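Here's the structure we're looking at; comments come further down.
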Amino acid sequence: NAGVTQTPKFQVLKTGQSMTLQCAQDMNHNSMYWYRQDPGMGLRLIYYSASEGTTDKGEVPNGYNVSRLNKREFSLRLESAAPSQTSVYFCASSLGQVTGETQYFGPGTRLLVL
Amino acid sequence: AQSVTQLGSHVSVSEGALVLLRCNYSSSVPPYLFWYVQYPNQGLQLLLKYTSAATLVKGINGFEAEFKKSETSFHLTKPSAHMSDAAEYFCAVRRSGNTPLVFGKGTRLSVIA
């Protein structure tokens, strides 16, 4: 039982390049999330998927797109990377998206955009 | 909109001293509150959560938090700090309903030998 896995662990991009961050969970969770973490800013929600087949914008969606490929996988795409997208990206999942559900986090992807 | 405020971006304590990390929330309805911990170069893991069952919540590694509605607070405490407690701690809130977690900006805890 691996929990939430993310690939890659680390990536360097040039401005304007595109890439997709992959996330998968093996806990049969319905809801999945993408956050970015920046110093002094805490975690900010980029997009989330309450259930398979649905996605919604979070606090900072500009410059990103997501795909809920199936129940297990939720990918985050940067179409044209910018230096402002240098950050640590975390994927998380939860059984549902109600009240007291615990969110489980992956180990993160460190992205540097030059 | 619901939010959480963590007072102090950095807290430093001596080993064996009391740990107190502060979290205040703003919400018009009783929220569900969480504390997460992030060790260096790792993801976040749940320390404890309040879901209205009991106001004093015990978590892992000797941490506990008390929900005080009158003060809109959910402060995290540990009686005796250990070197292994050095990490970043995040308070988070979710109001009842179909909404994601909202995180505070985090408090970095340093433990001095």
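Here is the naming used below: chain letters follow the sequence lines, and residue numbers restart at 1 for every chain. Predicted model only: the values in this text are computed from it and were never measured.
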Measuring from atom [atom1] of [X] to atom [atom2] of [Y], what distance do you get when rounded to the nearest 0.5 angstrom?
{"X": "A/Tyr35", "Y": "B/Leu101", "atom1": "OH", "atom2": "CG", "answer": "5.0 Å"}
{"X": "B/Leu44", "Y": "A/Leu43", "atom1": "CG", "atom2": "CG", "answer": "5.5 Å"}
{"X": "A/Phe105", "Y": "B/Gln42", "atom1": "CZ", "atom2": "CD", "answer": "13.5 Å"}

Check: How far apart are the closest heavy atoms of B/Phe90 and A/Gly42, and which atoms are they?
Finding: CE2-CA, 3.8 Å
Check: If you look at every heavy atom in A/Phe90 and B/Gly43, which pair is closest and at what distance?
Finding: CE2-CA, 3.5 Å
Check: More than 12 heavy atoms of other residues, nucleotides or ligands under 6.0 Å from NZ of B/Lys105: is that the case?
Finding: no
Are [Y] and [X] connected in a single hydrophobic cluster, I mean Ile/Leu/Val/Met/Phe/Trp/Tyr linked by side-chain heavy atoms less than 4.5 Å apart?
{"X": "B/Leu46", "Y": "A/Tyr33", "answer": "yes"}
{"X": "B/Ile60", "Y": "B/Trp35", "answer": "yes"}
{"X": "B/Leu47", "Y": "B/Leu56", "answer": "no"}
{"X": "A/Val4", "Y": "A/Leu21", "answer": "no"}
{"X": "B/Leu76", "Y": "B/Val4", "answer": "yes"}

Check: So what's closer than 4.5 Å to chain B heavy atoms on A/Gln6: side chain, backbone, both or neither?
Finding: neither
Note to self: Is A/Arg110 close to chain B through its backbone or its side chain, or both, or neither, when contacts mean heavy atoms under 4.5 Å?
What the structure shows: side chain
Next item on the list: Keeping the roles fixed (side chain from B/Tyr36, backbone from A/Gln103), state whether a donor-acceptor pair exists under 3.5 Å.
Entry: yes
Next item on the list: Go through the steps to decide whether B/Phe103 and A/Glu59 satisfy the test side chain to side chain contact (heavy atoms under 4.5 Å, CB included), and finish with yes or no.
Entry: CA-CA 11 Å; B/Phe103 284 86; A/Glu59 182 185 353; over 6 Å; no
Item checked: chain A contact via B/Gln45 - side chain, backbone, both or neither, heavy atoms under 4.5 Å -> neither
